[in-house]
Amino acid sequence: MNGMAAIVPHTANAIFAVSLLPPRILFRFPSMPTSPSPSTAPPLLSTTSLSLSSSKPCHGLFNSTSPTQYLTFPQSAVSNSESLFASRPVDNSLSPITSGFNLLRLSTRYGDADLARAVHARFLKLDEDIYLGNALFSAYLRLGLVRDADRVFSGLFCPNVVSYTALISGFSKSNREDDAVELFFAMLDSGIEPNEYTFVAILTACSRNMDYQLGSQVHGIVIKLGYMSCVFICNALMGFYSECGFLELVLRLFDEMLERDITSWNTVISSVVKEFRYDEAFDYFRGMQRSYGLRVDHFSLSTLLTASAGSVMTLKGQQLHALALKVGLESHLSVSNALIGFYTKCGRVNDVMALFEAMPIRDVITWTGMITSYMEFGKLDLAVEAFNKMPERNYVSYNAVLAGLSKNGEWSRALELFIEMLEEGMEISDYTLTSIINVCGLLENFKVSQQIQGFIIKFGILSNYCIETALVDMYTRCGRMEDAKKMFHQRSLENDCTAMLTSMICRYARSGQLNEAISLFHSGQSEGAIVMDEVVSTSILSLCGSIGFHEMGKQMHCHSLKSGLITDIGVVNATVSMYSKCWNMDDAVRVFNTMNAQDIVSWNSLVAGHLLHRQGDKALEIWKKMDKTGIKPDDITFVLIISAYKHTELNLVDSCRGLFVSMETKYNIKPTSEHYASFVSVLGRWGLLEEAEETIRKMPFKPDVCVWRALLDSCRFHKNERMETLAGKCILAMEPKDPFTYILKSNLYSASGRWHYSEKVREEMREKGFRKHPSQSWIVHENKIHSFYTRDKSHPREKDIYSGLNILILECLKVGYVPNTSFVLQEVEEHQKKEFLFYHSGKLAATFGILMSKPGKPIRIVKNVLLCGDCHTFLKYVSMITRRKIFLRDTSGFHCFANGKCSCKGYW
């Protein structure tokens, strides 16, 4: 100990002095949590942690240079704004010192840095005075001249606790947290005992650094020195633990406080809101209202409005709005901004616009909130208009527009905006880059993906993990799987690679490499390379639903229940969707009914599930229940509800017409092309083709491809050649933007026997990078996915499958099956057409299922495209001769083949 004291005498003395002070403990010093901090708690104050340089050398009382940073001096460092100036008693005569104090007050009051410097120059001739020195560097801090204040402090011969505290606070608030920590240790080394304001200042630095170890040591000193009865130190400790993610320590501190103020309540409320524990936030708010009649302030309201938005608690948010009006805080900027966010989340665009128009003051957050709101409601023109009207923009504003354009499918405009940001010299954040990389991925353009990669490499920001993860996702979407694998294997092992793995798994699934997707997931689990959080659970549940992997989906559901992830609304919504896609609508409804709270996605998922099962009446029942809850429907809701009328009776078409008309008047949602396409499809389902054509003619905007496709499909079913030709011509007249237009054109040439032209169209497709997804069908057997393509012979049981299928074909032909060769669009002989037709992927999958399962057991097949008419007919005959039920899910929904009939009743 003597040796250590000889080396760092001030440190040793400080530790010894602190250890002798009698503690007044209100809160037991917490042991170090197991995560994310080390498992063993560090000593309260170690010589290692405090062996920093002692107080800075003197360079003269008032040495200073020009300022480099600007920040208002924080109020937490001193008891009031005048305390440093009033800390030394002076007589009433107008002495130089008295006039100097008065001038410094004026300089800080009016933000006049030149006046402060003039006073500083005048004081250079005076003898050193600690009060005068404190007042001077305090004025510099309040003016944001932190570096000048630091130099003045360095010139003080004997700085006191006020001096140290003020500068520690200034450092803490000006992104110089390390300097604040060093100065705090220097103060301890010099034997000066910190006061309550010092602790608040150093805890601010710990919060900004998220330094749990140091902050917990400061907590220990607070206990030793008996300051736990100080309300605002406890508030600072709660804020520190909240920033570090230790909510339980926040709640323990709060529970053991003998006295609380409005900041105490606000801190605990904001802490639970940060962890998405919204119900608890309102419980604490009610406790605050009962406690000594504390009056709600703007921070309380803003935080609780955030909770209302996060949990879509419409009624509670409206009650908070009423309370804000009652106490006169509605016009407070932070409250108004929070209300805009709340009503945006609740889908009430008129309320958002009314709030914005009534705001007397708007800041960049207000404008950005409005841009986000307009983007959420699909009002791109209004969002861009608001962006153009902004008096001041920052990179956050640009990012809001960038994200909104991306969300609304305006990917080319998003790219243009990114180029504008570069030209304007705007700050490019990690969020900006990840957003534009995601846009490139959504474009699925190989060349654009190469360009953005080159830009990132050129500026040397490839090593950022978030950007690497976004790049992997972009590679997978643009068909660059080799590049994705390379980056994945070159990742830093210290980083969590969950997002990269998830992107690759989803891409494998999208490209039909189903076993690769499942295999990668299992290997990631076994290697501990994937963290099963809410995002991953949602992604894997969605994957299970897409594949129809019911058993694995149930296992994921069980994992979510055991791990507590089922409380996450995104995970529950994915679970509902998974069960509905895996032929299990009963469990989908059961999970939905057990949810604590449903959002619009929850209701849409349930409606979509009933539509997959062609249960139109049940979908409409869900719609009626949803309408009574007060949850506002969105665009997707009406696409689904309009589509539900395809699976009801003809006499309900009038109701569909009424719903379509009332969308804008009652729900303030303007119909889009998707809504018209759904309505045209309904009319086509019931053979009302003339009305469908008339509806398209009267659309308030030019119909796009999806509308004409809906008419085309209806015409094909009802064999209306005139209207089919009309729809085909209208589609071809549009600029081709997707593979469908090329495929349609090629098929039309093939159907008319112009094979040469058909091949030229397909060659053009290949040159432009458009890919037609090949028809694929699969079946899950013994937890393994068995997939098939047309005339596929890659399966290990290929000989058995083809032998079995030939037997099935012969048996079906005996009982009336007639192959429809019109579905074959290749230039081959008739007998060859039958060969192509017999070995479609759906027929191969059905045969494999029959061979590998026990007699009488149903077969479940998933197909990635619409089932062709010949396969539909064939499977009806197979169900009859094998006495099996065959469940098949294609892009139109579920088919249940039994006893020679199908549940779709011939229309799909």
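Because the structure is predicted, anything quoted here is derived from the model rather than measured. Sequential numbering from 1 along the given sequence is applied to the chain's residues.
For the pair Ser207 (side chain) and Leu203 (backbone), a donor-acceptor distance under 3.5 Å is present. Judged by distance alone, the side chain of Ser169 and the main-chain N or O of Thr165 form no donor-acceptor pair under 3.5 Å. Checked by atom type and distance alone, the side chain of Ser435 pairs as donor or acceptor with a backbone atom of Tyr431 at under 3.5 Å.
With 3.5 Å as the limit, one finds no donor-acceptor pair spanning the side chains of Asn266 and Thr263. Side-chain contact annotation: Thr366 with Asp363, donor-acceptor N/O pair under 3.5 Å present. Between Asn235 and Thr267, the side chains place no donor N or O within less than 3.5 Å of an acceptor N or O (distance only, hydrogens not considered). Remark: the Thr204 side chain and the Ser172 side chain contain no N/O donor-acceptor pair separated by less than 3.5 Å.
Scored by the side chain to side chain donor-acceptor pair (under 3.5 Å) test, Asp599 finds Asn573, Ser602 as partners (sequence neighbours excluded). The salt bridge (charged side-chain N to carboxylate O under 4.0 Å, His left out) search around Lys379 returns none, not counting sequence neighbours. For the side chain to side chain donor-acceptor pair (under 3.5 Å) test, residues two or more places apart in sequence or in another chain that qualify with Arg277 are Glu248, Glu280. A search for salt bridge (charged side-chain N to carboxylate O under 4.0 Å, His left out) contacts involving Glu427 returns nothing, not counting sequence neighbours. In this view, Asp178 satisfies the salt bridge (charged side-chain N to carboxylate O under 4.0 Å, His left out) rule with no residue, not counting sequence neighbours. Residues meeting the salt bridge (charged side-chain N to carboxylate O under 4.0 Å, His left out) test with Asp627, sequence neighbours left out: Lys666. Here Gln598 pairs with nothing under the side chain to side chain donor-acceptor pair (under 3.5 Å) rule; sequence neighbours left out. In this structure Thr432 satisfies the side chain to side chain donor-acceptor pair (under 3.5 Å) test together with Asn399, Ser429, sequence neighbours excluded.
Between Phe356 and Trp367, a ring centre-to-centre spacing shorter than 6.0 Å is recorded. Taking the six-membered ring wherever Trp is involved, the centroid distance between the rings of His219 and Tyr241 falls below 6.0 Å. Ring-centre distance between Phe285 and Trp265: not below the 6.0 Å cut-off.
For the pair Met257/Met238, a side-chain contact is recorded, criterion being any heavy-atom separation below 4.5 Å from C-beta on. Taking the side chain as every heavy atom from C-beta outward, Val335 and Leu339 approach each other to under 4.5 Å.
For the salt bridge (Lys or Arg N to Asp or Glu O under 4.0 Å) condition, the pairs that include at least one residue of residues 263-275, sequence neighbours left out, are Glu243-Lys274. Among residues at least two apart or in separate chains, salt bridge (Lys or Arg N to Asp or Glu O under 4.0 Å) pairs with a member in residues 398-407 are Glu376-Lys407. Pairs of residues two or more places apart, or lying in two chains, that qualify as salt bridge (Lys or Arg N to Asp or Glu O under 4.0 Å) and include a residue from residues 331-351 are Arg348-Asp351. Pairs passing the salt bridge (Lys or Arg N to Asp or Glu O under 4.0 Å) check and including a residue from residues 386-403, sequence neighbours excluded, read Glu385-Lys389.
Counted within 6.0 Å of OH on Tyr395, heavy atoms from surrounding residues, nucleotides or ligands total 12 or fewer; the atom is thus considered open. Summarising the local packing, CG of Asn596 is surrounded by 12 or fewer heavy atoms from other residues, nucleotides or ligands at distances under 6.0 Å.
Residues Ser242 and Val250 share a closest heavy-atom pair of N-CG2, 3.5 Å.
Taking OG of Ser334 as the start and CG of Leu301 as the end, the distance is 8.5 Å to the nearest 0.5 Å.
Using cut-offs of 30° and 60° for the angle between ring planes, the Tyr212 and Phe240 rings count as parallel. A parallel orientation is assigned to the rings of Phe232 and Tyr197, their planes being inclined by less than 30° (bins at 30° and 60°).
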Can you list the steps and then say if Leu329 with Leu323 is a side chain to side chain contact (heavy atoms under 4.5 Å, CB included)?
CA-CA 8 Å; Leu329 286 173; Leu323 178 59; over 6 Å; no
Stepwise side chain to side chain contact (heavy atoms under 4.5 Å, CB included) test for Tyr374 and Leu380:
CA-CA 7 Å; Tyr374 285 139; Leu380 271 68; over 6 Å; no
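The pair Asp255-Arg252 does not meet the salt-bridge criterion, since no charged nitrogen lies less than 4.0 angstrom from a carboxylate oxygen.
Within the cation-pi definition used here (under 6.0 Å to the ring centroid, within 45° of the axis), Lys316 qualifies as a partner of Phe282.
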